**Q** 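Once you've had a glance at the structure underneath, I'll fire off some questions.
These numbers come from the heavy atoms of this one structure, side chains and all, not from hydrogens, waters or symmetry mates. Since we're looking at a predicted model, the values are computed, not measured.
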2 protein chains.
Amino acid sequence: MITNKNCIIRLSRYKNALYRLQDLGFVKVFSDNLADAVGGTASQVRKDFSIFGISGNKKGGYQIDSLLEKLNSILGKDQLQKVIVIGAGHIGSALMRYRGFEKEGIKIVAGFDIDPAKINRSNPVPVYPLEEARAFIKTNQIRIAILAVPDIAAQQAVDLICAAGIKGVLNFAPLGLKTPEGSIVNNVNLEIELENLIYFVNVAEKTR
Amino acid sequence: MITNKNCIIRLSRYKNALYRLQDLGFVKVFSDNLADAVGGTASQVRKDFSIFGISGNKKGGYQIDSLLEKLNSILGKDQLQKVIVIGAGHIGSALMRYRGFEKEGIKIVAGFDIDPAKINRSNPVPVYPLEEARAFIKTNQIRIAILAVPDIAAQQAVDLICAAGIKGVLNFAPLGLKTPEGSIVNNVNLEIELENLIYFVNVAEKTR
DNA sequence: TTGTTATTGTGAAAAATAGAACAATATGAT
DNA sequence: ATCATATTGTTCTATTTTTCACAATAACAA
């Protein structure tokens, strides 16, 4: 079983690069093309594919369309993924307005907030009171949630949604969350990403 | 020289956890407290510290305040970091309004967009035409930029800002960017993060 | 048909990262 | 003052991840 997050992220990158190549009219691709496109090595591309039993043609590379089919299937993109957003502040509402998810087969179906002023049941993506989240998750069998609430509210919110059936949380709150066995958290922390960038920029500057 | 991104990210997490502990009134901390707080192991905490020459007291743990000083210094948080945002769409403007960076010593000083309708020189974070970016970066010696433009515009925008002196880019566009030697890109790709989450949720579901 | 070449697929080697183990030692108890 | 204990710092070990290297082979040319 594959537990290597970076490997799966690379699969997503390959997939995205393949769509761009396809748009440019390409029909087949070689491992070194993909390596260039995502910034890796050709043997890593082949190794990644080999892990998932994806094979190409000796001297012929890979057919882009069938490769995309396989990657999409691995990545669960053969069915629409319904996602909810907890927290309708700046980040949460930007995410609800963001159109980029649609073309990836990801649909934000609702938002939830504790603040009555944020509720709006007739938005393109409706925003409901947080206390309705539990029922919504169960009724619609939602498995994935984006958490965009202030840090002080984050653990409580996660407890609530995981108890209701959420299995995966994309966490924007800047702190680690405890989840019950069987639920997964991926953290997106912009402050930390920036700090990281600053660190490596500083290091590069010093060692130059 | 440290090239381990995960290690630096852990330092940021330790730092954040330490502030929370400090707020709760704690004065000292042990490696296993920090491990719990960020979800790692105690020996990794100590190993991380040892890499940077941070030492505590046998049986006494670490003084939170001096530990924070050291981490903040390593992470470059002893000076205000000025950052610009390229692209004033949904994500870009949410970032400009986002208050969370301030308490981290990160200040978004300006935004830039190619669309005249987005320009607003009197915003709290002013938005200027993209063609003014070059001069702004040079004049204000900006080193870090957040890139939040449509993918089709991303490579061109990066070329522009790197030529003007940007050394680190936090890239929200969903594709890999080529940068000149000496500049660094960190990618934040929400679609990929969600895909990743979906993959691991699916795997967990299948193997259960 | 035969030979040449380009490219895959994979096993083995290397490098990077994480974890376990434990000696050293500061602290507090008696 | 001595002992017992808790915790660090670090070395050694294990695991994970990446890279290398090359045999296998499909495509193409002569």
Side-chain angles (χ1 to χ4, degrees), chain A residues 1-14 17-18 21 26-71 74 176 187 196 199-200 203, chain B residues 1-14 17-18 21 26-71 74 176 187 196 199-200 203:
Chain A
M1 217 269 287
I2 303 301
T3 55
N4 183 344
K5 181 174 165 172
N6 286 334
C7 173
I8 307 303
I9 286 181
R10 286 194 299 269
L11 294 190
S12 286
R13 298 221 163 103
Y14 301 148
L18 287 167
L21 289 168
F26 288 91
V27 170
K28 65 180 190 181
V29 69
F30 301 115
S31 54
D32 65 334
N33 302 141
L34 277 172
D36 279 358
V38 309
T41 67
S43 42
Q44 189 164 57
V45 173
R46 297 198 300 274
K47 178 61 69 76
D48 286 342
F49 288 174
S50 126
I51 288 168
F52 290 95
I54 294 175
S55 59
N57 311 298
K58 301 244 156 98
K59 188 145 182 193
Y62 303 83
Q63 289 298 119
I64 291 181
D65 55 0
S66 92
L67 187 48
L68 272 170
E69 254 173 52
K70 285 168 190 152
L71 290 175
I74 291 165
N187 294 296
N196 196 262
Y199 173 85
F200 284 106
V203 166
Chain B
M1 215 266 287
I2 303 301
T3 54
N4 183 346
K5 181 174 166 175
N6 286 335
C7 172
I8 308 302
I9 286 182
R10 286 195 298 269
L11 294 190
S12 286
R13 298 222 163 105
Y14 300 147
L18 286 167
L21 289 169
F26 289 92
V27 171
K28 67 181 188 182
V29 70
F30 302 114
S31 55
D32 65 333
N33 303 141
L34 278 172
D36 279 358
V38 310
T41 66
S43 39
Q44 188 165 57
V45 173
R46 298 198 298 275
K47 174 73 77 62
D48 286 340
F49 288 174
S50 127
I51 287 168
F52 291 95
I54 294 175
S55 59
N57 311 298
K58 300 245 157 93
K59 188 148 184 185
Y62 303 84
Q63 290 298 118
I64 291 180
D65 55 0
S66 92
L67 187 48
L68 272 170
E69 255 173 51
K70 285 169 190 150
L71 291 175
I74 290 164
N187 295 295
N196 196 263
Y199 172 83
F200 284 105
V203 167

**Q** I need the full list of salt bridge (charged side-chain N to carboxylate O under 4.0 Å, His left out) pairs touching residues 50-66 of chain A, with sequence neighbours left out, sorted by first then second residue.
**A**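 Passing the test, one end in residues 50-66 of chain A: no pairs.
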**Q** Could you tell me whether the side chain of Phe52(B) reaches within less than 4.5 Å of the side chain of Asp48(B), counting heavy atoms only?
**A**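 No, too far: nothing below the 4.5 Å cut-off.
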**Q** Mind calculating the distance between CG (Asp32(B)) and C1' (dT8(D)) to the nearest angstrom?
**A**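 My rounded result for the distance is 11 Å.
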**Q** Taking all heavy atoms of Tyr14(B) and all of Leu71(B), pick out the closest pair and write down the distance.
**A**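 Of all heavy-atom pairs spanning Tyr14(B) and Leu71(B), the closest is CB-CD1, 4.1 Å.
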**Q** How far apart are the C-alpha atoms of Asn4(B) and Ile51(B), what are their side-chain angles, what is the distance that settles it, and do they pass the side-chain contact (heavy atoms from CB on, under 4.5 Å) test?
**A** CA-CA 11 Å; Asn4(B) 183 346; Ile51(B) 287 168; over 6 Å; no
**Q** Where along residues 59-71 of chain A does a heavy atom come under 4.0 Å from DNA chain C, residue by residue in number order?
**A**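 Lys59(A), Gly61(A), Tyr62(A) - these, ordered by number, are the residues of the stretch whose heavy atoms sit under 4.0 Å from the strand.
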**Q** Could you state the CG-C1' distance from Asn57(A) to dA24(D), rounded to the nearest angstrom?
**A**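 After rounding, the gap between these two atoms is 14 Å.
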**Q** Who are the ring pair (Phe, Tyr, Trp, His ring centres under 6.0 Å) partners of Tyr199(A), not counting sequence neighbours?
**A**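 Testing Tyr199(A) for ring pair (Phe, Tyr, Trp, His ring centres under 6.0 Å), a comparison that skips the adjacent residues, returns none.
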**Q** Under the side-chain contact (heavy atoms from CB on, under 4.5 Å) criterion, do Asn187(B) and Arg13(A) qualify, and how do the steps go?
**A** CA-CA 11 Å; Asn187(B) 295 295; Arg13(A) 298 221 163 103; 3.8 Å; yes
**Q** Does a side-chain heavy-atom distance below 4.5 Å link Val38(A) with Arg10(A)?
**A**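 Counting from C-beta outward, Val38(A) and Arg10(A) never come under 4.5 Å.
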**Q** State, yes or no, whether a side-chain contact exists between Leu34(B) and Leu67(B) at a heavy-atom distance under 4.5 Å.
**A**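 Side-chain contact under 4.5 Å: yes.
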**Q** Kindly give the heavy-atom pair with the smallest separation between Ala17(B) and Ala37(B), and that separation in Å.
**A**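 Looks like CB-CB, 3.8 Å.
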**Q** Any idea which heavy atoms bring Arg46(B) and Ser31(B) closest together, and the distance?
**A**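 Distance-wise, the nearest heavy atoms are NH1-OG, 3.1 Å.
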**Q** What's the verdict on side-chain contact (heavy atoms from CB on, under 4.5 Å) for Ile2(B) and Ile8(B), showing C-alpha distance, side-chain angles and the deciding distance?
**A** CA-CA 9 Å; Ile2(B) 303 301; Ile8(B) 308 302; 4.0 Å; yes
**Q** Measure CZ/Arg46(B) against P/dT11(D) and give the value in whole Å, please.
**A**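 The distance from CZ of Arg46(B) to P of dT11(D) comes to 14 Å, rounded to the nearest Å.
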**Q** Between OG of Ser55(A) and NZ of Lys70(A), what distance do you get to the nearest 0.5 Å?
**A**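 Result: 5.5 Å between the selected atoms.
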**Q** Under a criterion of less than 4.0 angstrom to any heavy atom of chain A, what are the 5'-terminal and 3'-terminal contacting nucleotides of DNA chain C?
**A**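 Taking any atom under 4.0 Å from a heavy atom of chain A, the span is dT5(C) to dA12(C).
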**Q** Which ones in residues 35-44 of chain A lie close to DNA chain D, meaning a heavy atom under 4.0 Å from one of its atoms?
**A**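 Under 4.0 Å from DNA chain D: Thr41(A), Ser43(A), Gln44(A).
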**Q** If I take atom CZ in residue Phe52(B) and atom P in nucleotide dT10(D), what distance separates them, rounded to the nearest angstrom?
**A**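 The answer, rounded to whole Å, is 15 Å.
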**Q** Return the value, rounded to whole Å, for the distance between atom NZ of Lys47(B) and atom P of dA14(D).
**A**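 To the nearest whole Å, that distance equals 14 Å.
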**Q** Residues of residues 3-12 of chain B with any non-hydrogen atom less than 4.0 angstrom from an atom of DNA chain D: list those, numerically ordered, please.
**A**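 Within residues 3-12 of chain B, no residue comes under 4.0 Å of DNA chain D.
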**Q** Okay, side chain of Asn33(B), backbone of Phe30(B): is any donor-acceptor separation there less than 3.5 Å?
**A**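 Yes; at least one donor-acceptor contact below 3.5 Å.
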**Q** Can you check the Asp48(A) CG to dT17(D) P distance for me, whole Å?
**A**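 After rounding, the reported distance stands at 11 Å.
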